[in-house]
Every structure is written in structure tokens, then in C-alpha cells.
Amino acid sequence: MPRDLHSRDYYSQKRCKKSSFAFYLAVRELLPVWLLEDMRRMEVFHWEESGRVSAYSASEALLYALVHDHRPYGAHLFGCCRASAPHLAMAVRYNRVAILRGILHTLRGFPAGERRRYLNRTGCARVEGGKTPVHVACELGRAECLALLLAHGSAPDIADSHGNTPLDTLPNTPELLMVCLDNLLLFTPVLRFRLQPVLRAEVTPWRVLLGDRTFDWLTGRTPPPLSVTAMQTAIGCISPEKLPEGLRELPVPQRLQPLDTSLCT
């Protein structure tokens with residue numbers, strides 16, 4: 001390779017790194033949307049592994065907005081793109097509830113099939129471990145994010161790339177486990193999870209944690225409680241277009257307040 005060409009590549013790469021870092025800092029400082037968009041469209045470039053210089057796409061910039069909780073910029077960017085990047089899982093991982101709510105509200109305007117694919121998309125094995133956003137919410141105990149996802153139509157019993165359902169990935173913290181479990185069970189008419197034999201083998205600790213009724217239901221010893229069946233039926237009567245606002249009309253228990261309040265704001 002001629003020396004002058006190699007030198008141009010080196011300085012181009014160095015300049016790209018500098019402009020990328022400046023854009024990162026600008027998003028972190030929550031600068032105005034118009035200024036960030038001017039930077040993204042005209043001034044900021046990044047160096048790809050293939051050796052090409054590229055501008056930031058709206059999808060790539062949205063990941064920055066999620067990391068730094070830049071809510072106005074996140075709302076603007078998601079309105080500009082229908083990206084394949086794992087924005088929902090990223091919003092859950094960083095617990096960006098407001099941005100997640102905005103993305104989910106925008107998704108309501110998507111065709112039903114496209115909306116379902118986006119909601120239930122499994123992340124790459126290297127970054128998200130092949131999990132869906134619901135799996136990530138359960139694993140990290142993001143109860144409010146989980147309630148939002150379920151209320152907007154995410155599948156509560158879908159398997160990830162390893163065959164685990166959200167019930168298999170609940171957090172170890174008892175309080176978070178119970179809130180996430182309550183949300184999941186309201187949207188899961190048929191229980192399917194791989195850890196059911198574990199519950200049957202370790203009866204005492206799980207029965208103490210879950211309570212007799214929930215434990216017997218999860219282990220298949222009894223049918224679901226009548227209260228849960230009634231709630232599932234009521235939720236099923238609400239059309240997807242009216243979720244989550246329609247949940248306000250339901251008699252939601254106190255410990256499921258995210259379904260009745262924060263989801264509908």
C-alpha cells in the first residue's frame with residue numbers, strides 16, 4: 001500500500017474517533033435535539049471495520065440516547081427509524097422507562113405483524129444472550145419495564161435462543177421476583193417453563209417464598225386461582241389498540257400498581 005494512502009487512512013480514522021467522541025459527549029450532556037441532529041447529519045463520522053467512513057444512522061444514535069437517558073432525542077430518533085438494533089432491550093437494561101414508553105407508544109402505529117416481531121425480537125447471542133426484551137426485564141428485575149412490555153403485547157411465554165421462557169429467568173431477589181412474577185402471570189394463561197421440576201424438588205423454600213396457592217399452581221398441583229383467571233379474562237377483553245390505557249378500568253391489585261398508573265400516563 002502506498003505510504004500516502006496509508007497515512008490518509010490513519011488520519012481519517014483518528015479524525016473519526018475524535019468526532020465520534022464529541023458526539024458521545026454531546027448526547028451525554030443532553031444538548032438540544034436540533035444541535036445533535038446537525039452534528040449527526042453533517043459533522044460526525046465513525047470508522048467502520050471495513051475501512052469505510054460513515055455517518056451515524058438514526059438507529060445508532062438512538063443507542064446513545066438510551067444510554068444517557070436523553071428522552072427528547074430518543075423520541076425524535078425513534079420516529080425517524082424502524083431499526084433492527086436492540087433498542088427495546090437496551091432501554092430495559094438501562095431502565096429508561098420514559099424512553100421505553102415512548103418507543104412502545106410509537107410501535108402501536110406499526111402493522112400488527114411488524115409490531116409483534118419487533119416486540120419479541122431476540123437479541124444477538126454476544127450482547128443480549130439471545131434474550132427478548134421481556135427476558136431481559138425479568139432477569140434484571142425491571143418490573144415497570146416488564147409491565148409496559150406485556151401491556152403493549154410482548155409475548156409472556158416466548159422462548160429465547162436457549163429455550164428458556166421469561167419464567168425461567170426471574171431475578172433472585174424475593175421482592176423483585178414476586179412483582180415480576182405477578183406481572184407475568186396476569187398475561188400467561190398457560191404456564192410453560194423449564195424450571196418447574198426445580199420447584200417440585202425444592203418444595204420448602206419455594207413454598208415459603210411464593211405462598212401455597214401460587215406454588216401449587218406453578219407446580220401443576222392446582223388450577224390457577226380464580227382471581228388470576230378473572231384478571232386474565234378481563235385483560236383479554238381489552239383490544240390491543242386500547243392497551244395499556246384500558247387497564248385503568250380493571251380492578252388491579254395494589255402490588256400491581258405499575259399496570260394501573262405508570263403504564264397509562
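Computed from a predicted structure; not experimentally measured.
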Tell me whether the count of non-hydrogen atoms from other residues, nucleotides or ligands lying under 6.0 Å of [atom1] in [X] goes above 12.
X: Arg116; atom1: CZ; result: no
X: Trp206; atom1: CH2; result: no
X: Tyr94; atom1: OH; result: no
X: Arg200; atom1: CZ; result: yes

For the residue pair [X] and [Y], what are the closest heavy atoms and their distance?
X: Pro171; Y: Cys138; answer: CD-O, 2.7 Å
X: Leu66; Y: Arg96; answer: O-NE, 2.9 Å
X: Val228; Y: Leu185; answer: CG1-O, 4.0 Å
X: Asn95; Y: Cys145; answer: OD1-SG, 3.5 Å
X: Ile158; Y: His135; answer: O-CE1, 3.1 Å
X: His152; Y: His105; answer: NE2-N, 4.4 Å

Roughly how far, to the nearest 0.5 Å, is [atom2] of [Y] from [atom1] of [X]?
X: Leu186; Y: Leu181; atom1: CG; atom2: CG; result: 9.5 Å
X: Leu170; Y: Met178; atom1: CG; atom2: CE; result: 10.0 Å
X: Thr169; Y: Leu140; atom1: OG1; atom2: CG; result: 9.5 Å
X: Leu31; Y: Tyr73; atom1: CG; atom2: OH; result: 10.5 Å
X: Leu195; Y: Asp168; atom1: CG; atom2: CG; result: 4.0 Å
X: Trp34; Y: His76; atom1: CH2; atom2: NE2; result: 13.0 Å

Are any non-hydrogen side-chain atoms of [X] and [Y] less than 4.5 angstrom apart?
X: Arg121; Y: Thr132; result: no
X: Val203; Y: Thr219; result: no
X: Asn183; Y: Val179; result: yes
X: Arg194; Y: Thr165; result: no
X: His87; Y: Tyr118; result: yes
X: His70; Y: Leu36; result: yes
X: Thr222; Y: Arg213; result: no
X: Asp157; Y: Leu167; result: no

Consider only side-chain heavy atoms of I, L, V, M, F, W and Y, link residues closer than 4.5 Å, and tell whether [X] and [Y] are in one cluster.
X: Met90; Y: Leu107; value: yes
X: Val67; Y: Leu30; value: no
X: Val27; Y: Leu25; value: yes
X: Leu176; Y: Leu150; value: no

inquiry  = Could you check whether Glu114 pairs with Arg117 (Lys NZ or Arg NE/NH1/NH2 to Asp/Glu carboxylate O, under 4.0 Å)?
reply    =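 No, Glu114 and Arg117 are not salt-bridged.
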ask   = Below 4.0 angstrom, N of the basic side chain to O of the carboxylate: do Asp38 and Arg40 qualify?
value =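 So Asp38 does not pair with Arg40 through a salt bridge.
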request  = State whether the side chain of Gln232 and the backbone N or O of Thr188 hold a donor-acceptor pair below 3.5 Å, judged by distance alone.
outcome  =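 Checked: pair present.
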task = Please check if the side chain of Arg142 supplies one atom and the backbone of Arg93 the other of a donor-acceptor pair under 3.5 Å.
result =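 Yes; judged by distance alone, with no hydrogens or angles, the pair exists.
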request  = Dump the intermediate steps for side chain to side chain contact (heavy atoms under 4.5 Å, CB included) on Val134 and Leu119, then the final yes or no.
outcome  = CA-CA 9 Å; Val134 168; Leu119 286 168; over 6 Å; no
request  = Assert yes or no for the condition that the ring centre distance of Tyr24 to His68 is strictly below 6.0 Å.
outcome  =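 Yes: the rings meet the under 6.0 Å criterion.
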key: Intermediate values then yes/no, side chain to side chain contact (heavy atoms under 4.5 Å, CB included), Arg101 and Glu144   = CA-CA 10 Å; Arg101 185 184 291 112; Glu144 193 170 356; 3.8 Å; yes
ask   = So, Tyr64 versus Tyr56: side-chain donor-acceptor pair below 3.5 Å or not?
value =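 Tyr64 vs Tyr56: donor-acceptor pair found between side chains.
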